[in-house]
Amino acid sequence: MVFGSWLQAGEGAEWWSEETVAVVTGANRGIGLEVCRQLADKGLTVIMTARKPQEQLSSAAQQFLQEAAETGRKNVIFHTLDITQQQSVLDFVDWLKLTVGFADILVNHAAVDNSVIDWNLKEWNNVDQSTMLALLTWANGVSDKYESARGCLETNFYGTKRLTKALLPLLRPSSHKPRIVKRLIQIWTTLLRDEELRKQLCETASLTEEKIDEGLDMFLEDVKSEKGMDRWPIKYPTYSISKISLNAYTRLLALQLHDKACVNSVHPGYVRTDMNLGNGDLSPAEGAANLVRVALLPPGGPSGHNFLEGEDVEF
Ligand SMILES: NC(=O)c1ccc[n+]([C@@H]2O[C@H](COP(=O)([O-])OP(=O)(O)OC[C@H]3O[C@@H](n4cnc5c(N)ncnc54)[C@H](OP(=O)(O)O)[C@@H]3O)[C@@H](O)[C@H]2O)c1
C-alpha cells in the first residue's frame, strides 16, 4: 500500500495536541534532533533524550533547547537516557512516570555503526568516499571485531528493545493508539545468505524473541571465530544483522500488542549524517520528516509495517 493511502484514510485528522507526549531517543544530533524540532513545531510535547547530560550535548542540540527556553516554549523537555544502560533506562522511566505520567509516541532513533573501515585499501585509490561507502563489504575493507560487534548489537537491538519494554506500561491507552516507531534501515531479507536463518528471522508466524536472540548469539559466535561469515549479510554485517533483528522484533511486537499500539519501522532515506560521514541524498530535516509522518499517522493507521521514504514496503 502506498503511504499516501494511509494519509488519505484519515485526512485532516490532526489528532495530536500539546497533551500528546513523544519520547525521542538519540536526539543529540542529526535526524534525532530534527525529529524533536519537527514534533515540537507541530505542537506535541517532546521528551528529547540523549546519552549525554544536557551540558555536554552538541552545540546544535544546546541551541535548540536554549531557543525553546528563550521563547517560553514548554513543550520541549530534555532528559538523559543511555539505552545500553539498564539503570539509565529505569531512571528515565521512573522520571517520566513521576513528571509526565505517560507517553503516546516512542521514536527509537539511537543507534551506532561500529564497523571499522580500512580507508587505505589499494583498490580504493581514486574512488570518492561516497562510492567507497557503497562498495565496502565484510571481505573488503570493513571488519567487525567481536567487541565492537557486541557493542553495536547492544545499542541497536538490545538497547532499543530494553527501552521499548520498559516504556510499554507508560504508553497511554487512549482513543488514539500509542505509536512505537523503530528507526531502521530497510534490510531486505535477501541480505541473509542462509535459507534457514532467513526463515528463522523473517517468517513472522513462527517468530519468537528467543529465535531472534539465538540468531544474534550465532552471529556473535561467527564473528568471534571468524568462521561462517558467509551466511550473514555481506555488507556491514553487524549493523545489518542488528537491523534485521530489530525488524523482526517490530513485527513480533506489533503482533503481541495487537490493537493496543501501532508498531512500525521507518527508513528515512540516505541521509547526510555523521553515521554516513556526511554522505547522503537527503538533509537530516528531510530524513526526519519521513519519520515524523509515520509517527503521526492518523488513527486506524497500520501496525507491523515498514516504511521507506513514504512508501509502505516489504521488510
Ligand atoms: N543516515 C542515514 O542515511 C540512515 C539511513 C537509514 C537508517 N538510519 C538510521 O538512523 C539512525 C542513526 O541516525 P543518524 O544517521 O542520525 O546517525 P548519527 O548521526 O550517528 O546519530 C546517532 C545518534 O544515536 C545516539 N546514540 C548512540 N548510542 C546511544 C545510546 N546508547 N543511547 C542513546 N543514544 C545513543 C548518538 O548519540 P551521541 O551523539 O552521543 O553519539 C547520536 O545522537 C540509526 O538507527 C540508523 O540505522 C540512518
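For clarity, every value in this text was computed on a predicted model and none was experimentally measured.
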*Asks:* Using a strict threshold of under 4.0 Å (side-chain N to carboxylate O), is an ion pair present between E214 and K211?
*Replies:* no

*Asks:* List the atom of Y249, the atom of I212, and the distance in Å for their closest heavy-atom pair.
*Replies:*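 Closest heavy-atom pair between Y249 and I212: N-CD1, 3.8 Å.
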
*Asks:* Checking E34 side chain against G287 main chain: does a donor-acceptor pair fall under 3.5 Å?
*Replies:* no

*Asks:* Which atom names give the shortest non-hydrogen contact between T160 and L246, and what distance separates them?
*Replies:* CG2-CD1, 3.9 Å

*Asks:* Strictly by modelled atom types, are Q66 and E70 linked by a side-chain donor-acceptor pair under 3.5 Å?
*Replies:* yes

*Asks:* Given side-chain contact (heavy atoms from CB on, under 4.5 Å), test E209 with K165 step by step and report yes or no.
*Replies:* CA-CA 12 Å; E209 288 186 38; K165 282 197 163 187; 2.9 Å; yes

*Asks:* Working note: M48 + L65, criterion side-chain contact (heavy atoms from CB on, under 4.5 Å); need CA distance, chi angles, decisive distance, verdict.
*Replies:* CA-CA 9 Å; M48 169 184 178; L65 285 168; 3.9 Å; yes

*Asks:* Compare all side-chain heavy atoms of F307 with those of P302 and state whether any distance is below 4.5 angstrom.
*Replies:* yes

*Asks:* Decide whether V93 and L90 are clustered together by the hydrophobic rule: side chain heavy atoms of Ile, Leu, Val, Met, Phe, Trp, Tyr closer than 4.5 Å, transitively.
*Replies:* no

*Asks:* Can you name the nearest heavy-atom pair linking A248 to L207, along with the distance?
*Replies:* O-CD1, 3.4 Å

*Asks:* Measuring from S240:OG to N247:CG, what's the distance to the nearest 0.5 Å?
*Replies:*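 With rounding to 0.5 Å, OG (S240) is 11.0 Å from CG (N247).
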
*Asks:* As an exercise, state the distance from OG1 of T250 to CG of N108, rounded to the nearest 0.5 Å.
*Replies:*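 With rounding to 0.5 Å, OG1 (T250) is 8.5 Å from CG (N108).
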
*Asks:* Considering only heavy atoms from C-beta outward, does the side chain of K52 approach that of T80 to under 4.5 Å?
*Replies:* no

*Asks:* Applying salt bridge (charged side-chain N to carboxylate O under 4.0 Å, His left out) as the test, list every pair that has at least one member in residues 261-275; sequence neighbours left out.
*Replies:*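 Non-adjacent pairs meeting salt bridge (charged side-chain N to carboxylate O under 4.0 Å, His left out): R29-D274.
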
*Asks:* With F92, which residues qualify under ring-ring contact (aromatic ring centres under 6.0 Å, His included), at least two apart?
*Replies:*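 H79, W95.
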
*Asks:* Do W16 and I105 have side chains that get closer than 4.5 Å, going by heavy atoms?
*Replies:* no

*Asks:* Sequence neighbours left out, what pairs pass side chain to side chain donor-acceptor pair (under 3.5 Å) with at least one residue falling in residues 83-93?
*Replies:* D82-T84, Q86-R162, Q87-D91

*Asks:* Would a distance-only check, ignoring hydrogens and angles, find a side-chain to backbone donor-acceptor pair under 3.5 Å from N290 to P268?
*Replies:*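 Yes, because the side chain of N290 sits within donor-acceptor range (under 3.5 Å) of the backbone of P268.
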
*Asks:* Quick one: pull up CD in E226 and NZ in K145 and give me the separation to the nearest 0.5 Å.
*Replies:*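 Answer for the CD-NZ pair, E226 versus K145, is 5.0 Å.
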
*Asks:* Output yes when a side-chain donor or acceptor of D281 lies under 3.5 Å from a complementary backbone atom of V271, and no otherwise.
*Replies:* no

*Asks:* Could you work out, with side chain to side chain donor-acceptor pair (under 3.5 Å) as the rule, every residue matching Q63, not counting sequence neighbours?
*Replies:*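 So Q63 forms a side chain to side chain donor-acceptor pair (under 3.5 Å) with E67.
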
*Asks:* If you take all heavy atoms of K243 and N156, which pair is closest and at what distance?
*Replies:* CE-ND2, 4.0 Å

*Asks:* From R231 CZ over to R198 CZ, what is the distance, rounded to the nearest 0.5 angstrom?
*Replies:* 13.5 Å

*Asks:* Would the distance check show the side chain of E286 and the main-chain N or O of S283 forming a donor-acceptor pair, the cut-off being under 3.5 Å?
*Replies:* yes

*Asks:* Heavy atoms, side chains only, cut-off 4.5 Å: are M218 and L197 in contact?
*Replies:*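 Yes, close enough: below the 4.5 Å cut-off.
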
*Asks:* Linking I/L/V/M/F/W/Y whenever their side-chain heavy atoms sit closer than 4.5 Å, directly or via other members, would L255 and I244 fall into one cluster?
*Replies:* no

*Asks:* Would you confirm whether N75, through its side chain, and L44, through its main-chain N or O, come within 3.5 Å as a donor-acceptor pair?
*Replies:* yes

*Asks:* Any chance the side chains of T137 and N140 put a donor and an acceptor closer than 3.5 Å?
*Replies:* no

*Asks:* For R51, what residues pass the salt bridge (charged side-chain N to carboxylate O under 4.0 Å, His left out) criterion, not counting sequence neighbours?
*Replies:*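 Partners of R51 by the salt bridge (charged side-chain N to carboxylate O under 4.0 Å, His left out) criterion come out as none, since no residue qualifies.
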
*Asks:* To the nearest 0.5 Å, what is the distance between CD1 on I47 and CD1 on I77?
*Replies:* 4.0 Å

*Asks:* Looking only at side-chain N and O atoms, does N114 offer a donor or acceptor that is under 3.5 Å from a partner on S148?
*Replies:*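 Their side chains do not contain a donor-acceptor pair, so the 3.5 Å distance test is not met.
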
*Asks:* Is there a donor-acceptor pair under 3.5 Å between the side chain of D144 and the backbone N or O of T238?
*Replies:*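 Answer holds: yes.
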
*Asks:* Take L257 and V263 through the test side-chain contact (heavy atoms from CB on, under 4.5 Å) and record every step on the way to the result.
*Replies:* CA-CA 8 Å; L257 295 179; V263 191; 4.0 Å; yes

*Asks:* Report, as yes or no, whether the 6.0 Å neighbourhood of atom CD on Q129 holds more than 12 heavy atoms from other residues, nucleotides or ligands.
*Replies:* yes

*Asks:* Taking a hydrophobic cluster as the set of Ile, Leu, Val, Met, Phe, Trp and Tyr residues connected by side-chain heavy atoms closer than 4.5 Å, whether directly or through intermediates, do L253 and I83 fall within one such cluster?
*Replies:*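 Yes, L253 connects to I83 through the hydrophobic network.
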
*Asks:* With hydrophobic residues grouped by side-chain heavy-atom distances under 4.5 Å, do L277 and V142 end up in a single group?
*Replies:* yes

*Asks:* Is there side-chain contact between I241 and L216, with at least one heavy-atom pair below 4.5 Å?
*Replies:*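 Side-chain contact under 4.5 Å: yes.
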
*Asks:* Do T131 and D128 touch side chain to side chain, with heavy atoms closer than 4.5 Å?
*Replies:* yes

*Asks:* I need the minimum non-hydrogen distance between L33 and N28, along with the two atoms involved.
*Replies:*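 That would be CD2-O, 4.4 Å.
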
*Asks:* M275 and Y239: side-chain contact (heavy atoms from CB on, under 4.5 Å), yes or no, with the steps?
*Replies:* CA-CA 11 Å; M275 191 174 271; Y239 178 78; 3.8 Å; yes

*Asks:* How close do G301 and C262 get, counting heavy atoms only, and between which atoms?
*Replies:*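 Shortest heavy-atom separation between G301 and C262 comes out as O-SG, 4.0 Å.
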
*Asks:* Output the distance between atom CG (D217) and atom CG (L220), rounded to the nearest 0.5 Å.
*Replies:*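 Between D217 CG and L220 CG, I get 6.5 Å after rounding to 0.5 Å.
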
*Asks:* Can you tell me which residue pairs pass the ring pair (Phe, Tyr, Trp, His ring centres under 6.0 Å) test with a partner in residues 198-230, sequence neighbours excluded?
*Replies:* F219-W232

*Asks:* Would you confirm whether T49, through its side chain, and V24, through its main-chain N or O, come within 3.5 Å as a donor-acceptor pair?
*Replies:* yes

*Asks:* Group every Ile, Leu, Val, Met, Phe, Trp and Tyr by side-chain heavy-atom contacts under 4.5 Å, then state whether V112 and Y158 land in the same group.
*Replies:*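 No.
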
*Asks:* Output yes when a side-chain donor or acceptor of T25 lies under 3.5 Å from a complementary backbone atom of H109, and no otherwise.
*Replies:* yes

*Asks:* Is any side-chain heavy atom of I117 closer than 4.5 Å to a side-chain heavy atom of L133?
*Replies:*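 Result yes, sub-4.5 Å side-chain heavy-atom pair found.
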
*Asks:* Do L136 and Y236 have side chains that get closer than 4.5 Å, going by heavy atoms?
*Replies:* yes

